[in-house]
Novice: 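First, the structure itself, so that you have it in front of you.
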Amino acid sequence: MNVISVVNLASVGIFGLVLSAGFCDILWTRKNKLYMAGCISLIMIIQGIVCLFTSVYIVKYFYPLITHLPLAITLCLLSREFLWPAISVLTAYLCCQLRRWLALLIVSTFSGGELLQHIVETVVTLPLLLLLLRFIAPSVRSISHYTAAKKCQFGLIPLLFYGYDYLTAFYTDLLSAKTSTVMEFMPFMCSLAYLIFVLNISETERIRNRLEQTQDILNLQLAQAIREIGLLRESQQKTRTYRHDLRHHMQYLFSCLENGRTGQAQNYIQEICAEIEASNVIVFCENEATNLILSAFYERAQKNGIAISTNTVIPQDIPIAENDWCVLLSNALENALHACQKLKEKGLFGTIDISAYEKNNKLFLQVANSCEENISFNRGVPVTSKPEHGIGVRSICTIVERYNGMYSFSIKNGQFLLRISL
């Protein structure tokens, strides 16, 4: 045992301990820092005592028990997690190979021996630790928020390397025996990990593309809703203008009749009536946007022979942006109308009942419509396997969640119920 090897053992120990803590998503309060400093000090003292009375080899042999296990337990207590601290310790152990490989590279370049290797490993420890904490640790910590399956997948290679290193180099002589199966094991696992990585990247890309397509469709829906509301407002303004200018219209008609231009007067009356009829907006409540949307769907329902009833008490000012409210209400009514149209195609009768009100700065909406019974649900949300379908439901859920609201979908007595609270 020499001083250089002991210093190198201490440096790699501090390297792994600090890096393991850096990989964990822990709130580093003063209390937690003191706990971690105490843990590191205690582990280093235990290593020193074992090394003093035995040898460096014994320290390495029992390293999992005197270092990794107490470290993992401490990180579990500080982070209040079980799985991720163990993965952090394994990942930090894997990163220790960086300093070892750099030292081996320099030793082979300058034809040095074991002493030079220990010196180089000790010298590169601090710079390498700082680099890993600065650039790698934040990305590793972000994985701690993934699902347990993703965490296990991330920790698979560190775990296999940990077991491989100790079983072949410390507890047996399989690695020094240069058995082909043993020597090719880690290259095989790296290849397997790469293939799994490719599969995950491909799946992630598919999900991202699907989300982008959904977002594009939602943006189109929003633009369409805004455009339709603008047209309805423009038509309503024309109606107000016609009513305001009624005296001028009457004068024009009187002039036509007085001069015997009866046909011209009749055409003028038909044009005015058509424009007024086209811009007719029913007043359901005080909220203008709600009136415009309900009027449009009320007309569509009547044309399709679908009974629709409304009970709305909504003020002009509501706790949601007008664009979001328009998209939410339009999607809810569009889905209800589509369900009733499917029933009508089968010769069945469909109804739509709408109830909405505002109370204590909370907005409540319920849409009940006739529907078929064979609707599939996933975690309480209706789903469909048909392409380009289900976007309206996802849009509703997204908007409600954005405002920290609540929604529920259910079927009761042959009716599909959508309830929303914002």
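Heavy atoms only: backbone and side chains are in, while hydrogens, waters and symmetry mates are out. Note that the structure is a prediction, hence the values are computed from the model and not measured.
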Novice: Please determine whether salt bridge (Lys or Arg N to Asp or Glu O under 4.0 Å) holds for the pair Glu334 and Arg300, giving the CA-CA distance in whole Å, both sets of side-chain angles, and the decisive distance to 0.1 Å.
Specialist: CA-CA 10 Å; Glu334 186 70 45; Arg300 288 176 58 186; 3.1 Å; yes
Novice: Please check if any side-chain donor atom of Tyr357 sits under 3.5 Å from a side-chain acceptor atom of Asn311, or the reverse.
Specialist: no
Novice: For the backbone of Asn287 and the side chain of Asn291, can you confirm whether one donor and one acceptor N or O come within less than 3.5 Å of each other?
Specialist: yes
Novice: Find out whether Leu83 and Cys152 are in side-chain contact, i.e. whether some heavy atom of one side chain is under 4.5 Å from a heavy atom of the other.
Specialist: yes
Novice: Will you find, in the side chains of Arg99 and Asn8, an N or O donor that is under 3.5 Å from an N or O acceptor?
Specialist: yes
Novice: Apply side chain to side chain contact (heavy atoms under 4.5 Å, CB included) to Leu94 and Tyr162, showing your working.
Specialist: CA-CA 7 Å; Leu94 181 64; Tyr162 186 87; over 6 Å; no
Novice: In sequence, state the C-alpha distance, the side-chain angles, and the governing distance for Gln47 and Thr67, and then conclude on side-chain hydrogen bond (donor to acceptor under 3.5 Å, both in side chains).
Specialist: CA-CA 8 Å; Gln47 288 184 11; Thr67 302; 2.7 Å; yes
Novice: Quick check, are the ring centers of Tyr61 and Tyr63 under 6.0 angstrom apart?
Specialist: no
Novice: So Asn335 and Asn369, do their side chains get closer than 4.5 Å, heavy atoms only?
Specialist: no
Novice: If every non-hydrogen atom of Asn361 is compared with every non-hydrogen atom of Pro319, which pair is closest and at what distance?
Specialist: O-CG, 3.4 Å
Novice: Using side-chain heavy atoms (C-beta onward) and a distance below 4.5 Å, is Leu365 in contact with Val367?
Specialist: yes
Novice: How close do Ile314 and Ala356 get, counting heavy atoms only, and between which atoms?
Specialist: CD1-CB, 3.5 Å
Novice: Rounded to the nearest 0.5 Å, what separates atom CZ in Arg419 from atom CE in Met406?
Specialist: 11.5 Å
Novice: So Lys344 and Phe349, do their side chains get closer than 4.5 Å, heavy atoms only?
Specialist: no
Novice: Just by distance, no angles: are the side chains of Gln415 and Ser370 close enough, under 3.5 Å, to form a donor-acceptor pair?
Specialist: no
Novice: Do Ile352 and Ile306 have side chains that get closer than 4.5 Å, going by heavy atoms?
Specialist: yes
Novice: Kindly indicate whether the side chain of Ile320, heavy atoms from C-beta on, has any atom under 4.5 Å from the side chain of Ile399.
Specialist: yes
Novice: Regarding Ser395 and Asn331, is there a side-chain donor-to-acceptor distance under 3.5 Å anywhere?
Specialist: yes
Novice: One pair to check against side chain to side chain contact (heavy atoms under 4.5 Å, CB included): Leu174 and Leu167. What are the steps and the verdict?
Specialist: CA-CA 8 Å; Leu174 291 175; Leu167 289 175; over 6 Å; no
Novice: Determine whether a donor-acceptor pair (N or O, by modelled atom type, separation under 3.5 Å) exists between the side chain of Ser144 and the backbone of Arg141.
Specialist: yes
Novice: Might you point out which heavy atoms bring Ala137 and Gly22 nearest each other, and give the distance in Å?
Specialist: CB-O, 3.8 Å
Novice: When you measure from the side chain of Thr290 to the backbone N and O of Glu286, does any donor-acceptor pair fall under 3.5 Å?
Specialist: no
Novice: Would you say that more than 12 heavy atoms from the other residues, nucleotides or ligands in this model lie under 6.0 Å from the CH2 of Trp101, or not?
Specialist: no
Novice: Can any side-chain N or O of Thr351 pair as donor or acceptor with the backbone N or O of Ala307 at less than 3.5 Å?
Specialist: no
Novice: Go through the steps for Glu358 and Lys362 under the test salt bridge (Lys or Arg N to Asp or Glu O under 4.0 Å), then give the verdict.
Specialist: CA-CA 6 Å; Glu358 190 267 349; Lys362 287 282 188 180; over 6 Å; no
Novice: So does Val381 get a backbone contact from the side chain of Asn378, meaning a donor-acceptor N/O pair under 3.5 Å?
Specialist: no
Novice: Would you please indicate if the ring centroids of Tyr164 and Phe185 are separated by under 6.0 Å?
Specialist: yes
Novice: Quick check: Trp325 with Tyr403 (ring centres under 6.0 Å apart)?
Specialist: no
Novice: If I take atom CD from residue Glu401 and atom CG from residue Leu422, how far apart are they, to the nearest 0.5 angstrom?
Specialist: 11.5 Å
Novice: How far does CG of Leu128 sit from SG of Cys96, to the nearest 0.5 angstrom?
Specialist: 9.0 Å
Novice: Does the side chain of Phe15 reach to within under 4.5 Å of the side chain of Leu132, using non-hydrogen atoms?
Specialist: yes
Novice: Take atom CZ in Phe377; do more than 12 heavy atoms of anything else shown fall under 6.0 Å from it?
Specialist: yes
Novice: What's the verdict on side chain to side chain contact (heavy atoms under 4.5 Å, CB included) for Trp84 and Phe154, showing C-alpha distance, side-chain angles and the deciding distance?
Specialist: CA-CA 10 Å; Trp84 187 251; Phe154 173 82; 3.8 Å; yes
Novice: Evaluate whether atom OH of Tyr35 has more than 12 neighbouring non-hydrogen atoms of other residues, nucleotides or ligands under 6.0 angstrom away.
Specialist: no
Novice: Where do Pro70 and Leu65 come nearest, in terms of heavy atoms and distance?
Specialist: CD-O, 3.2 Å
Novice: Working to the nearest 0.5 Å, report the span between CZ of Arg80 and CG of Leu27.
Specialist: 10.0 Å
Novice: Provide the closest heavy-atom pair for Pro85 versus Leu75 in the form atom of the first, atom of the second, distance.
Specialist: CB-CB, 3.6 Å
Novice: Is it the case that more than 12 heavy atoms not belonging to Arg100 sit under 6.0 Å from its CZ atom?
Specialist: no
Novice: Does atom CZ of Phe82 have more than 12 heavy-atom neighbours, drawn from other residues, nucleotides or ligands, at distances under 6.0 Å?
Specialist: no
Novice: Return yes if a side-chain donor-acceptor contact under 3.5 Å exists between Gln341 and Glu345, otherwise no.
Specialist: no
Novice: If we only count heavy atoms from C-beta on, is the Phe297 to Ile354 side-chain gap below 4.5 Å?
Specialist: no
Novice: Indicate yes or no: does Glu81 engage Lys151 in a salt bridge with an N to O separation below 4.0 Å.
Specialist: yes
Novice: Write down the atom of Gly155, the atom of Ile87, and the distance for their closest heavy-atom approach.
Specialist: CA-CG2, 3.9 Å
Novice: First locate atom CG of Leu129, then atom CG of Leu19, and finally report the distance between them rounded to the nearest 0.5 Å.
Specialist: 6.0 Å
Novice: Would you say the rings of Tyr93 and Tyr166 are close, in the sense that their centroids are separated by under 6.0 Å?
Specialist: yes
Novice: Answer yes or no: are there more than 12 heavy-atom neighbours, outside Tyr298 itself, under 6.0 Å from its atom OH?
Specialist: no
Novice: If you measure from CG on Asp25 to OG on Ser88, what distance do you get to the nearest 0.5 Å?
Specialist: 9.5 Å
Novice: Take Leu90 and Phe161 through the test side chain to side chain contact (heavy atoms under 4.5 Å, CB included) and record every step on the way to the result.
Specialist: CA-CA 9 Å; Leu90 295 173; Phe161 178 79; over 6 Å; no
